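I'd like to ask some things about the structure below.
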Number of protein chains: 2
Amino acid sequence: MRVTLGDVARRAGVSLATASRALNGSDRNVGDVLAARVRASAKELGYLPYAPAQALARASTATLGVLLHDVADPYFGVITRGASEAAAEAGLLTMVVSTFADPDLELRNIRMLHAQRARAIVLAASGYVDEEATRRLDEALGAYRAEGGRVVALTDHGPSYDSVRPANRRGAADLTRALLGLGHRRFAVVPGPERLRVSLDRLLGVREALDEAGVALGPEAVEFAEFSHEGGRAATARLLERSRPTALIALSDVGAVGALAELRGRGLDVPGDISVVGFDDIPCAAQLAPALTTVRVPLERMGAEAVRLALEPRPRTAPGGIEDATDGLSAGPDTRSPRVVDLPTETVLRASTAPPPGAF
Amino acid sequence: MRVTLGDVARRAGVSLATASRALNGSDRNVGDVLAARVRASAKELGYLPYAPAQALARASTATLGVLLHDVADPYFGVITRGASEAAAEAGLLTMVVSTFADPDLELRNIRMLHAQRARAIVLAASGYVDEEATRRLDEALGAYRAEGGRVVALTDHGPSYDSVRPANRRGAADLTRALLGLGHRRFAVVPGPERLRVSLDRLLGVREALDEAGVALGPEAVEFAEFSHEGGRAATARLLERSRPTALIALSDVGAVGALAELRGRGLDVPGDISVVGFDDIPCAAQLAPALTTVRVPLERMGAEAVRLALEPRPRTAPGGIEDATDGLSAGPDTRSPRVVDLPTETVLRASTAPPPGAF
DNA sequence: CTGAAAGCGCTAACAT
DNA sequence: ATGTTAGCGCTTTCAG
């Protein structure tokens, strides 16, 4: 019932080794006639290599893992497309796992990916503020790397990881400056969840630009929220209870969409009464009512670059220096310096922003 | 360097078999003390099972494959979330592969998933009109199933597959009837790509409702297009060159978004000058300008049901029993009658539709 | 260039 | 209840 390499070999009248070499061997050392015969009988038999067996024998799989919050979120959807296309080009299959921003789930999923011996793991989400959670994740990732697994982070994961970094802080600062340039002085901000580094990073950018301009941003003007429609909506509602901003900065597009919905529900005109901006430039941002001013993050490219980085040959280097995750101090146990790819972002002005009401 | 089960067994002072049973065995036949000892040393050593070896020994993997056009398309994103959550609950990892609606790529990917010995394959996309392509896909899927792989289709894939079917035809008919009810008589339709069955299915529903009402739909009023923003936009542009519909039916939301963009670019008001409807009810449909009237397809549920179906134990040879969609013809080679789950859709009226201009 | 044979890490009979 | 021992299908030394 199951066609094995042995069947192919027998039918071609060659040994197992020859069949293996002819079909999947990297070497070119099989005679043309035999090779052709092997390929022919493989086709006739409908032979398909048994990946788990190959993995066991080769001590290496043909799979890539992508860890994200939610596949259905367009932010991650686009990243995943970039990553899985790059992976496909390298002959790898992509395993996508959602963590819903839960460090425990993330830890479990890292272990699963490790158990599968995925060639590499792309951390598209992650980057928690919680030190204990981070420590546990680092430990799991360390074990994975100790066995040869490659890890690339798309978020701030500490200096020991290869990473692809969009200019979160800088992008948020530029975005804020654009708003300041329009004349806004009263701001409200809806970052992502407080437990994620990326939220704080982007918020930092906003603060930076505001400080520059001497504009204050009190705690009453900041309302953390999940990266979701409902999160953005509810946070906006709470903000409006206690302040009257002329500009609302949502630090994710999905959150901005929720904010727009809340504003619309209250009969406020955007941008007439209040300007709204998002972050990420997800595909539908340009199609909203009104079209959303935002920061373009090169999502697809991030995914692709991450895979490129992950698959790039790594000098296994320094004899006598296999890592040691425990002694965080001292001479770095990892002689291989992590690669970092910085990707610029770009502010995209659309219809959701205008000078504040009363400006002239 | 690599911790194996053997290491764990040795450290616990038990045999390999006992360690295996204590850690991953389904049986309960390990003494409490030993089991505890094994678990303890596994933890101390940081042991992680080696999935490829388990797969080889068990002749079964813990992975699921999802085949779709594009992960970044929200339609598939949401389906994938449903599927991968259900898979995760069953302890499976999800491999997502994009085919970009290309049958050849799809064939290759089916083979890859087969080679990986994914437990089941969910065909979220697929369903081609081309008979030759379909034959080749069926052949590959047949080989996969012959080895015990399970296949569930979310599109029309012929009667031999387990399937989860949204009411595409019916949904399109209902949607069209809603438009007729508003008074529209001049229609234009942008289905999906002509090579996909789902496009024709939905178009059929439109035709059915139109016929009922005695409204004609000439070939000049139908313009096939890829399921994409640009596809919808360009098709709309072409349609407007040769007709002046009062209602534009895009048979996908992403296409409808493109249509809205084109209309806006031409200075046409929606729904004042022309009503626009989509299909799918992707997350951002409600947030567009204007909010899109569409047909809600239970995407997440489809993904989850598909996995449920795929994982449901299958009587290997059970004669008689559940309904059989095929039995008009011969006694098929497959005695197991395919399961079919039909899922209803629902028309959602939003701001993009209104009575035609001039109606009173 | 080709073949024989030793595993890769784990599970599942089959003993005991 | 626990241990012994074959493999699972493939790659890869190592011989010839």
Side-chain angles (χ1 to χ4, degrees), chain A residues 1-39 41-42 45-63 112 114-119 147-149, chain B residues 1-39 41-42 45-63 112 114-119 147-149:
Chain A
M1 166 169 155
R2 179 124 79 206
V3 181
T4 73
L5 190 55
D7 300 331
V8 175
R10 196 169 322 115
R11 182 177 232 273
V14 302
S15 75
L16 203 51
T18 299
S20 170
R21 291 192 270 247
L23 258 24
N24 317 307
S26 39
D27 317 56
R28 269 273 150 277
N29 45 5
V30 175
D32 292 347
V33 268
L34 285 197
R37 213 147 50 155
V38 170
R39 276 193 296 270
S41 50
L45 259 30
Y47 169 75
L48 238 34
Y50 196 91
Q54 287 185 314
L56 186 57
R58 292 180 174 152
S60 155
T61 62
T63 58
M112 285 200 78
H114 183 165
Q116 294 291 333
R117 265 60 181 183
R119 258 263 201 106
E147 279 185 37
Chain B
M1 165 170 155
R2 178 125 79 206
V3 181
T4 74
L5 189 56
D7 300 330
V8 175
R10 196 170 321 115
R11 180 176 233 274
V14 301
S15 75
L16 240 193
T18 299
S20 170
R21 289 191 274 247
L23 259 23
N24 316 307
S26 40
D27 318 56
R28 270 270 149 279
N29 45 4
V30 175
D32 292 345
V33 269
L34 285 197
R37 212 150 50 163
V38 171
R39 276 193 296 268
S41 50
L45 261 31
Y47 169 75
L48 239 33
Y50 197 90
Q54 288 186 312
L56 186 57
R58 293 178 171 154
S60 156
T61 62
T63 58
M112 284 201 80
H114 183 165
Q116 294 291 334
R117 265 61 182 183
R119 260 250 210 110
E147 277 184 40

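Reckoned from all heavy atoms, side chains included, excluding hydrogens, waters and symmetry mates. From a predicted model like this one, the values you see are computed outputs, not experimental measurements. Here is how names work: the chains are called A, B, and so on, in the same order as the sequence lines, proteins then strands, and each is numbered from 1.
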A:Leu48 and B:Glu147: side chain to side chain contact (heavy atoms under 4.5 Å, CB included), yes or no, with the steps? CA-CA 11 Å; A:Leu48 238 34; B:Glu147 277 184 40; 6.0 Å; no

Polar pair under 3.5 Å, donor/acceptor by atom type, side chain B:Arg21, base D:dG3: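 Between D:dG3 and B:Arg21, which were checked side chain against base, a qualifying N/O pair under 3.5 Å is present.
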
Length of the line joining B:Leu16:CG and C:dC14:C1', which is rounded to integer Å: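 Nearest whole value for this atom pair: 16 Å.
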
Do any side-chain nitrogens or oxygens of A:Tyr47 fall under 4.0 Å of OP1 or OP2 in D:dC10?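 So the side chain of A:Tyr47 is within the cut-off, an N or O lying under 4.0 Å from OP1 or OP2 of D:dC10.
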
Would you mind classifying the nucleic acid contact of B:Pro52 as base, sugar-phosphate or nothing, using non-hydrogen atoms under 4.0 angstrom?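 Nothing: the residue B:Pro52, judged by heavy atoms under 4.0 Å, touches no strand.
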
Take the C1' atoms of the five end pairs on each side of the helix from C:dC1-D:dG16 to C:dT16-D:dA1, get both axes, and report the angle to 10 degrees.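 Answer rounded to 10°: the end axes differ by 30°.
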
Checking only heavy atoms, does the side chain of A:Arg58 share a donor-acceptor pair with the base of D:dG9 at less than 3.5 Å?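 Donor-acceptor pair under 3.5 Å: no.
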
In whole angstroms, how far is the P atom of D:dG9 from the CD atom of B:Glu147?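 Taking atom P of D:dG9 as the reference, CD of B:Glu147 is at 10 Å.
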
Heavy-atom nearest nucleotide on DNA chain D for B:Val33 versus B:Ala57: which residue maps closer to 5'?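 Upstream on the strand: B:Val33.
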
Rounded interatomic separation in angstrom, taking CG from B:Leu23 and P from C:dC10: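 Interatomic distance, CG of B:Leu23 to P of C:dC10: 9 Å.
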
Taking the nucleotide of DNA chain D with the closest heavy atom to each, which residue, A:Ala17 or A:Ala53, is nearer the 5' end?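 Checking each residue's closest nucleotide, the 5'-ward one belongs to A:Ala53.
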
Between D:dG3, C:dG3, D:dC10, which nucleotide gets closest to the side-chain atoms of A:Thr4?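 Nearest to the side-chain atoms of A:Thr4, counting from C-beta on, is D:dC10.
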
In whole Å, what is the span from the CG atom of A:Asn24 to the P atom of C:dC8?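 To the nearest whole Å, that distance equals 21 Å.
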
Between C:dG7 (P) and A:Leu56 (CG): distance, integer Å: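 These atoms are roughly 14 Å apart.
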
In terms of the nearest nucleotide of DNA chain C, which residue is placed more toward the 5' end: A:Ala35 or B:Gly6?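 Final value for this comparison: A:Ala35.
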
